Every structure is written in C-alpha cells, then in structure tokens.
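Only one structure is covered here, and it is reproduced in the block below.
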Amino acid sequence: MIEPKVIDLMNLAIDGVASPRERAELEKALAADPTTRSYYESLARVVEKLNHDPMPEPPAELEPRILDAVQRESVRRPVQMAPVRKGFFSFKLRPWSTFGLGLAAGVLIFAVIQQGRPGMWSARTVDPGSVSGSMVSDERATLGSIPVETDKGTVSGAATIEEQGSNMVVRLRLQSTVPIEWHVDFDGDSWSLLRVEREGTATAAFAANRTSVQGLQTGEGGVTLVFHGTRDAAQAVVLKLLQAGEPVFEGRPTAAR
Amino acid sequence: MSSVKDPNADAILVRQCLAGDSRAFDALVRKYEKPLYHLALRMTRDRDDAMDIVQGVFVKVYQKLDSYDDKHEFFSWIYRITINESINFTNRAKRNEEYQSGESVVLAPTQEAARSAEALSEEIIEAIEMLKPDYRMVIVLKHYHDFSYQEMADVLGVPEKTVKSRLFTARQQLKDILTARGITE
C-alpha cells in the first residue's frame with residue numbers, strides 16, 4: 001500500500017511543480033520500495049501518453065455554423081457592445097411584430113395625450129438599459145444623406161450614411177412636433193443590424209427585422225444604427241416617416257460628393 | 001498539448017469587438033472553436049452535442065461580451081462558460097450514471113499486441129470517457145489544454161486543493177483502466 005502522501009508527491013513531480021524538498025522526499029520513497037517505484041513509472045507513462053495525445057480538429061462545418069448563429073442572433077437581438085458610460089441610455093432591440101409596433105405607437109400617442117398623468121409613459125415604453133458610449137472610430141466616410149422635411153413642417157432633420165471600418169452606420173437625427181413613426185429599410189442580404197444607439201430620450205420604442213428598423217419619436221433626438229455589410233448597399237437605404245399611421249415622408253440617400 | 005492562453009491578444013480582440021469590429025469576433029471564434037469543441041466533446045462524448053454546445057457558447061459570449069469584466073482573463077471566462085454548458089448538458093443527459101460512484105472501472109485486457117498511434121489515442125479517449133465528469137474535466141484541462149492547477153481552480157470555481165485531489169485521483173483511475181486493458185504496464 002502506497003501512502004497517499006507519496007502518490008501526491010509523484011503527481012507533483014510529474015507536473016514539474018515539486019519543490020526540491022518534495023522531490024528529495026519522493027526519491028527516498030522510490031528508493032526504499034520497488035512497488036512504489038513501479039507505480040510511479042506506470043503513472044508517468046500514462047501522463048506521457050496523455051501529453052502526447054493530439055487534440056482532434058473540429059468538424060469543418062463548426063466555424064460557419066457558429067458564425068451563422070451569431071449573425072442570426074445579431075439580427076434577432078442586437079447586442080449593445082459599446083463601452084458603458086454614465087449619462088447615456090441604450091436598450092436592446094426586441095423582434096416585435098407589426099402588431100406590437102402598432103400597439104406601441106398607439107400607447108405612445110395615448111401617452112402624449114395623457115402627459116398630465118404621471119407614470120403612464122414609463123409604464124408603457126420600452127425600458128432603456130444602461131448606456132452606450134461612442135461606437136465609432138475617427139475614420140468615417142460619408143456615403144450619402146437623406147434630408148428630411150415634411151409638407152406640414154412637423155418633422156425635419158436628416159439621415160446620414162457613413163462607412164466606418166467594416167461597419168455601415170446610419171445616423172438619424174429628427175426634430176418633430178408630433179409623434180412620428182420612422183422606418184429605415186435596408187438590403188437584408190447585404191447588411192445585418194449589429195446594434196442601435198440612441199441620443200436623448202425622444203425615441204421611445206423600437207422594432208427590427210431582417211430588412212427594417214422602426215422606431216417611434218417625439219421631439220428632438222435620434223438614433224445611430226450600426227450594420228455589418230458592404231458600402232454598395234448604402235444606396236438601398238430608404239427612410240420612411242409616418243404620422244398617425246399615414247406616410248408623410250419617404251426618401252433615399254443622395255450620394256455624397 | 002496546445003494552449004490558447006494569450007491574454008494580451010484576447011484583450012485586443014475583445015476591445016475591437018466592443019468597438020463594433022465583427023471581424024474581431026470572427027477571430028475569437030477561429031481561435032477558440034477547436035479547444036472548446038474538444039472540451040465539449042470529451043464531456044458529452046458526442047460530436048453533434050459538442051458542436052451544439054460550442055455554438056451556444058459563442059452566441060452567449062456574443063450576448064454577454066458587453067458585461068465581460070476584463071479584470072479576468074478572457075480564456076478563463078469562455079472556458080468557464082463552456083464548462084458550465086457542458087456540465088448542464090451532461091446533467092441533463094444522465095449518461096454517466098454508471099461511473100458516478102467514482103470507483104475505478106476494471107476492464108478485460110485487449111488482445112492486441114501492438115497499437116497504432118491512432119488506435120492508442122482511441123484507447124486513451126475511451127479511458128478518459130469512463131471517468132466521472134469532474135475527473136474527466138481536470139484530465140482534459142491539464143493534459144490537452146495545458147492549464148495550471150490555479151487556472152483550473154479559476155475556471156472550475158473550486159479551490160486549488162480540490163483540483164489537485166481530483167486530478168491525482170483521475171490519473172490513478174486512468175492508470176488502472178489503461179493497465180487493465182493492457183495499454184500500459
């Protein structure tokens with residue numbers, strides 16, 4: 001019977017972490033008992049085999065499968081990946097149905113009407129999470145812009161489209177005197193939505209699907225939509241604005257000079 | 001034995017991911033898919049289950065990357081997620097009941113006098129897979145992923161003393177299994 005302490009010393013020695021004193025103690029035990037030495041040599045051979053056993057390659061389909069799953073996740077539930085800072089707000093998109101968006105629009109309008117009733121608004125809007133910091137590097141190239149102006153003058157502002165590294169960024173800045181619903185349609189085969197950041201609290205609720213991002217807004221503020229994709233599809237972006245469910249604006253980007 | 005431990009390179013990739021560079025996330029996938037697949041494969045003993053786990057791990061990493069605390073090393077974090085997912089899977093699957101007692105499994109020696117490296121690898125894998133999950137985990141982390149005792153303690157969430165105890169017992173059981181099968185003397 002080999003003492004447990006000696007077996008521990010064997011393992012420490014095999015792992016190369018035995019102290020000189022422990023090493024000497026083990027040598028003494030090995031010299032005193034052939035059975036102990038035989039056990040040690042056998043254990044060392046097992047470890048030697050383990051250390052030289054190769055790690056198998058994963059199946060070739062694993063990497064594309066992972067990337068595809070992450071890609072789908074980024075569309076279904078974009079993740080806020082910018083560093084957290086105090087003083088801003090952010091949120092995660094939810095794949096609302098058209099019905100959900102319509103309901104949210106109704107709630108929004110109702111809440112505006114009912115502004116005198118504390119608690120109504122906060123009870124119905126999407127709860128913003130914490131924050132978003134700057135997600136963009138300094139290297140920007142403007143690919144196009146969509147100036148916004150409605151006939152009745154209730155909404156103004158612009159959407160600009162920029163290339164930033166491997167990302168395409170749509171910055172939407174609007175000022176509205178009435179609740180409006182905006183849609184940013186894009187080429188879902190060329191672009192995938194990575195995340196949304198908002199500035200201010202004018203935009204209250206969102207929805208997204210594979211080819212469109214939608215939001216509700218009252219007042220002055222905006223959102224930044226970050227996509228992964230190619231610059232060629234920048235011209236496919238369409239901005240639509242609806243007021244009380246009726247289209248009041250639709251524009252495509254004018255290419256930047 | 002291979003190692004993916006390179007905290008500085010990981011920190012750069014994570015920062016690039018958080019800045020919106022999706023190629024950096026792709027790089028993390030390429031770097032970690034092999035070791036994580038191997039770890040999951042040894043725990044689940046099934047190729048498809050292992051792929052499911054690794055896919056789920058990367059989706060979870062993608063979802064949680066903004067909450068990752070860079071005081072901890074990324075490889076520890078992603079290994080821990082993989083280990084938890086693998087343990088959850090094996091608990092659900094209940095495939096290891098016959099080895100849960102922790103007793104050594106003694107098998108009849110095989111008749112093969114000589115074995116190719118590939119066959120030997122298969123024999124070793126089979127022996128590892130006979131260990132109960134806690135023991136299997138430390139063997140895999142130590143001998144295939146080159147983890148130190150402390151690193152294993154970190155990712156497993158147990159004291160270093162427990163890691164040593166599990167590892168030493170696991171080796172002893174492996175030796176018994178391989179000896180019984182005539183693979184080692």
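The shown structure was predicted, so the numbers you read here are calculated from the model rather than taken from an experiment.
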Among residues at least two apart in sequence or on other chains, which ones pass salt bridge (charged side-chain N to carboxylate O under 4.0 Å, His left out) with B/D154?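 If we apply the salt bridge (charged side-chain N to carboxylate O under 4.0 Å, His left out) test to B/D154, skipping adjacent residues, there are no hits.
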
Applying salt bridge (charged side-chain N to carboxylate O under 4.0 Å, His left out), can you list everything that pairs with A/D15, at least two apart in sequence or on another chain?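 B/R171.
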
Within this structure, what is the CE-CD1 distance for the pair B/M137 and B/I87, rounded to the nearest 0.5 Å?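 Going from CE on B/M137 over to CD1 on B/I87, the span is 4.0 Å.
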
How long is the span from the NZ atom in B/K34 to the CG atom in B/L41, to the nearest 0.5 Å?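 Reported value, rounded in 0.5 Å steps: 12.5 Å.
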
Portion of B/I128 that has a non-hydrogen atom of chain A nearer than 4.5 angstrom: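 Only the side chain of B/I128 comes within 4.5 Å of chain A.
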
Does the distance from a Lys or Arg side-chain N to an Asp or Glu carboxylate O, for B/D52 and A/R65, drop under 4.0 Å?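 Salt bridge: yes.
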
With a 4.5 angstrom heavy-atom cut-off, is it the side chain or the backbone of A/L62 that approaches chain B, or both, or neither?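 Both the backbone and the side chain of A/L62 come within 4.5 Å of chain B.
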
Please classify the contact of A/D68 with chain B as side chain, backbone, both or neither, using a heavy-atom distance under 4.5 Å.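 For A/D68, neither part sits under 4.5 Å from chain B.
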
With respect to chain A, which residue among B/H38, B/R15, B/M51 yields the maximal number of heavy-atom pairs within a distance under 4.5 Å?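 Looking at each of B/H38, B/R15, B/M51 in turn, B/M51 comes out on top.
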
Pick from A/V17, A/L12, A/I7: which one has the most heavy-atom pairs with chain B under 4.5 Å?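 Most heavy-atom pairs under 4.5 Å with chain B: A/L12.
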
For residues 227-234 of chain A, give me every residue with a non-hydrogen atom less than 4.5 Å from any non-hydrogen atom of chain B.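 So the qualifying residues are A/H228.
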
Take A/T36 and A/M10 through the side-chain contact (heavy atoms from CB on, under 4.5 Å) test and state the conclusion after the steps. CA-CA 10 Å; A/T36 302; A/M10 290 178 187; 3.5 Å; yes

For side-chain hydrogen bond (donor to acceptor under 3.5 Å, both in side chains), just list the numbers for B/Y32 and B/D10, CA-CA rounded to whole Å, side-chain angles, deciding distance to a tenth of an Å, and then say yes or no. CA-CA 10 Å; B/Y32 281 100; B/D10 285 349; 2.4 Å; yes

For residues 23-32 of chain A, which side-chain N or O atoms pair as donor and acceptor with protein atoms under 3.5 Å away, sequence neighbours left out?
residue, atom, partner, partner atom, Å
A/R23, NH2, A/E27, OE2, 3.4
A/E25, OE2, A/K5, NZ, 2.8

